[in-house]
Chemist: 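After the structure tokens below, expect a handful of questions from me.
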Protein chains: 2
Amino acid sequence: MKTLVVGANGQIGKHLVKFIQNSGSHTAKAMIRSKEQAGYFEELGAETAVVDLEGEIEDIAKAAEGVDAIVFTAGSGPHTGKDKTIMVDLDGAVKTIEAAKIANVKRFIMVSSFDTSRQAIQSAPPGFAPYVVAKHYADEWLRRTDLEYTIVHPGALTNDAGTGQVEAAVEVERGSVPREDVANVIFGCIGSATTIGKEFQVVSGPTSIREALQKI
Amino acid sequence: MKTLVVGANGQIGKHLVKFIQNSGSHTAKAMIRSKEQAGYFEELGAETAVVDLEGEIEDIAKAAEGVDAIVFTAGSGPHTGKDKTIMVDLDGAVKTIEAAKIANVKRFIMVSSFDTSRQAIQSAPPGFAPYVVAKHYADEWLRRTDLEYTIVHPGALTNDAGTGQVEAAVEVERGSVPREDVANVIFGCIGSATTIGKEFQVVSGPTSIREALQKI
């Protein structure tokens with residue numbers, strides 16, 4: 001099973017490609033912005049595709065040709081300029097969704113943020129609200145497709161080492177989670193039919209990732 | 001027939017409320033951000049409603065109660081901060097659409113920008129692209145409702161006096177158009193059943209607005 005990782009050069013993306021390549025049974029194709037980012041992925045034996053997310057849908061679709069799943073984990077993050085928020089977190093996500101349709105890739109895993117509901121938009125601090133709006137519409141666009149989607153809503157991301165243990169459900173109490181564990185959760189979703197059509201929040205917790213995903 | 005004008009204090013909005021109030025047969029309700037903006041509209045005999053477009057959908061819905069049509073002409077414009085672009089041009093528009101549903105107002109006229117197509121996003125200069133993206137998704141959200149919508153795509157806006165003459169069609173050659181004429185076109189749409197479910201570009205031209213709208 002081959003997975004296109006969009007935003008592979010982000011921290012979650014790097015962990016994810018490593019999990020996939022080390023699995024022995026899956027392979028990753030890392031979609032990156034520039035050739036200079038390729039080294040890490042080539043060392044892991046992963047394919048790479050250099051595509052600008054602000055470019056044409058057709059270029060993303062070409063990168064997606066022949067893969068079995070797409071993970072969207074690109075993101076400007078909440079602290080970049082708001083122009084990038086709208087061009088990457090919203091429009092880049094939607095273009096990737098449209099590219100999935102063109103390339104006939106049914107399985108799509110979206111890395112969203114913890115809470116992208118209307119309520120979350122309205123209660124967000126002014127500087128953070130545009131980011132929540134962008135993620136809100138990207139998630140909503142995906143829900144309205146007939147793709148086999150999973151939307152992952154991670155808590156506050158940390159760079160701590162992963163523990164392999166999480167709490168995951170439609171709603172969990174706000175908390176933090178290592179990026180490595182988020183990547184591990186995404187990796188678990190790729191091969192898990194039970195997460196199709198679902199979305200869930202995830203933070204650090206007491207349950208093994210495999211077990212947590214079975215209960216979603 | 002009563003129309004809620006969202007973004008009434010903008011230049012198009014002000015012209016529009018004047019056209020409506022001067023018609024004799026229609027009335028306007030001006031949705032404005034602050035009480036200080038009310039004077040102009042009160043002098044025209046129009047109702048006002050003070051609502052923050054970055055606030056709750058329910059507040060917009062309350063302002064929309066009992067009106068027959070809603071015009072969305074609020075807009076940060078392409079030159080404000082990109083946080084406002086996403087909060088007003090995209091999210092403010094979508095919230096107004098949702099408010100229309102809640103208030104059971106079927107008729108909805110969206111003032112968009114000249115070209116909000118995918119192609120327009122891809123070919124826009126970097127500083128302008130986020131604005132096109134915001135308008136693109138707002139238009140798309142409206143198309144996917146069952147509201148009786150009209151989407152007006154005006155050319156480059158000027159402050160010249162209106163001439164009452166335009167060119168309007170699904171696609172017209174790029175050109176300019178006075179804001180006063182755009183307001184006049186919107187006013188024409190309010191009472192025109194033939195523009196329901198349609199969208200068109202409009203620039204200055206040789207045809208009277210009434211005739212131009214009949215051909216849409």
Side-chain angles (χ1 to χ4, degrees), chain A residues 51-61 75-99 101-102 113 116-146, chain B residues 51-61 75-99 101-102 113 116-146:
Chain A
V51 177
D52 179 6
L53 252 184
E54 295 187 48
E56 305 284 341
I57 293 175
E58 288 67 24
D59 293 336
I60 308 172
S76 65
H79 305 298
T80 53
K82 296 303 177 288
D83 53 337
K84 289 296 172 195
T85 300
I86 198 164
M87 297 311 292
V88 175
D89 295 274
L90 171 52
D91 201 42
V94 170
K95 286 195 286 189
T96 305
I97 293 165
E98 294 306 303
K101 295 181 192 169
I102 293 171
S113 71
T116 62
S117 65
R118 168 54 56 192
Q119 206 177 356
I121 294 172
Q122 297 310 130
S123 61
F128 190 64
Y131 174 72
V132 183
V133 170
K135 300 299 279 183
H136 172 83
Y137 288 102
D139 290 354
E140 189 57 25
W141 194 276
L142 182 56
R143 290 184 198 109
R144 292 179 178 203
T145 66
D146 58 1
Chain B
V51 178
D52 179 6
L53 252 184
E54 295 186 48
E56 305 284 341
I57 293 175
E58 287 69 23
D59 294 336
I60 308 170
S76 65
H79 303 299
T80 53
K82 295 304 175 288
D83 52 338
K84 289 295 172 196
T85 300
I86 198 165
M87 296 311 292
V88 175
D89 296 275
L90 170 53
D91 201 43
V94 169
K95 285 195 287 190
T96 305
I97 294 164
E98 294 306 305
K101 295 182 193 168
I102 293 171
S113 72
T116 62
S117 65
R118 167 57 53 193
Q119 206 176 356
I121 295 172
Q122 297 309 131
S123 61
F128 189 64
Y131 174 72
V132 183
V133 170
K135 300 299 278 181
H136 171 84
Y137 288 102
D139 290 353
E140 188 58 25
W141 194 277
L142 182 56
R143 288 183 199 111
R144 292 178 178 205
T145 66
D146 57 2

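The basis for the numbers below is simple: all heavy atoms, side chains too, and nothing from hydrogens, waters or symmetry mates. Below, chains carry the letters A, B, ... as their sequence lines are ordered, and counting in each starts from 1.
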Chemist: Testing the basics here: between K82(A) and D83(B), what is the closest heavy-atom pair and its distance to 0.1 Å?
Modeler: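 So the minimum-distance heavy-atom pair works out to CB-N, 3.7 Å.
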
Chemist: Taking side chain as everything from C-beta outward and backbone as N, CA, C, O, which of these in E54(A) sits under 4.5 Å from a heavy atom of chain B? Side chain, backbone, both or neither.
Modeler: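 Just its backbone gets close to chain B.
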
Chemist: Considering non-hydrogen atoms only, spot the tightest contact between K95(A) and R118(B) and give its length.
Modeler: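 Between these two residues, the closest heavy atoms are CD-NH1, 3.2 Å.
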
Chemist: Enter the distance from Y131(B):OH to I86(A):CD1 here, rounded to the nearest 0.5 Å.
Modeler: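 Y131(B) OH to I86(A) CD1: 11.5 Å, rounded to 0.5 Å.
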
Chemist: Which heavy atom of A129(A) sits nearest to which heavy atom of M87(B), and what is that distance?
Modeler: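 Minimum heavy-atom contact is CB-CE, 3.7 Å.
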
